[in-house]
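The structure under discussion appears below in the form of structure tokens.
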Amino acid sequence: MSDKILGIHHITAIAGQAQCNYDFYTKVLGLRLVKKTVNFDDPGTYHFYYGNENGSPGTILTFFPWTFVKRGTAGTGMATGIGYSVPAGSLDFWTNRFKENNIKHEQILERFGEILLPFQDPDGLQLNLIISGKEDTRQPWETDEVKKDTATKGFHSITLTLRDMKPTAKVLTDIFGYKLLAQEGNSYRFITDAVDNAAIVDIIEDANGKPGVGAGGTNHHVAFRVKNEEVLMAFREKVAAFGLNITPKIDRNYFFSLYFREPGGVLFEIATDNPGFDADEAVNELGTHLKLPAQYETRRSEIEKMLPELAK
Ligand code: ZN
């Protein structure tokens with residue numbers, strides 16, 4: 001199994017104000033900030049990673065917060081819905097919590113036999129809390145306000161919206177080892193049996209849908225998980241043999257990555273489990289220091305001045 005794609009590794013989106021993003025994800029949603037670093041290509045911008053206690057692959061949602069970013073529009077050629085797995089019976093808690101915190105949410109609905117609560121973060125990013133039809137034994141991160149019986153356990157799924165699902169489905173099935181599990185109208189559910197969780201990709205086919213505009217409140221890319229660099233490079237060969245352009249291996253400090261744009265327009269990444277988020281911080285201190293990659297360490301004081309202040 002270890003030479004397979006192991007579901008979702010992380011999802012990266014674009015946010016507006018850093019403080020607003022931090023407050024929503026750590027306080028309202030109750031995630032742990034597991035790494036506070038900078039955008040490696042633009043060190044005046046933070047890169048936040050939120051996840052469970054250890055920052056396990058399959059729990060990690062990351063943001064580039066740009067204070068003055070315009071709001072984007074979700075649409076075709078984009079990941080349009082982030083699904084978190086939550087415990088059975090928790091959706092009343094979440095509905096009340098979203099009401100109390102003025103978080104936009106919709107009515108609870110059913111999809112593929114599972115119930116979900118759609119909501120939007122303060123920048124308009126679409127997320128869903130989903131009661132998985134399959135038991136999810138992952139241990140959640142707990143806070144004073146979001147306890148184990150309600151807390152998110154990590155990803156359930158990612159939803160892609162595409163004009164034509166077929167070319168993307170082919171990447172999922174022929175390269176990534178996913179299978180079509182079910183179809184409901186124009187929604188298709190793909191799943192891999194290589195892992196128990198974060199194993200689902202839903203595709204909504206919208207032939208006449210407007211292309212998404214990437215900016216604040218939209219997803220930037222979806223990263224799929226592999227065990228190590230050897231498997232990563234084997235997938236590089238497979239993607240290239242499929243006729244798609246793919247980057248060389250890139251060191252992201254906490255994982256190694258490859259990027260390619262799938263035929264439907266979504267930026268895909270493949271990322272390794274190693275070395276993990278405890279590579280430069282102890283597990284009990286994750287997210288508490290500003291961590292910089294080696295190339296920026298000499299510019300630390302300058303970079304710290306450029307970054308917006310972040311209150312706990
Ligand atoms: Zn990424």
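Counting starts at 1 for both ligands and their atoms, following the listed order.
Looking only at distances, no side-chain donor or acceptor of N21 sits under 3.5 Å from a matching main-chain atom of A15.
Protein N/O/S atoms nearer than 2.8 Å to the Zn ion (ligand 1) total 3.
By the neighbour-count criterion of 12 heavy atoms within 6.0 Å, atom CD of Q19 is densely surrounded, having more than that number from other residues, nucleotides or ligands.
The cationic group of K35 does not satisfy the cation-pi geometry with F277, failing either the under 6.0 Å distance to the six-membered ring centre or the 45° limit from the ring axis.
Residues D121 and Y25 bring a donor and an acceptor atom of their side chains to less than 3.5 Å of each other.
Here the closest heavy-atom approach between residue Y22 and residue A311 is recorded as CE2-O, 3.6 Å.
Just one residue in the list D136, T152, I200, I131 forms a side-chain contact (heavy atoms from CB on, under 4.5 Å) with S85, and that residue is D136.
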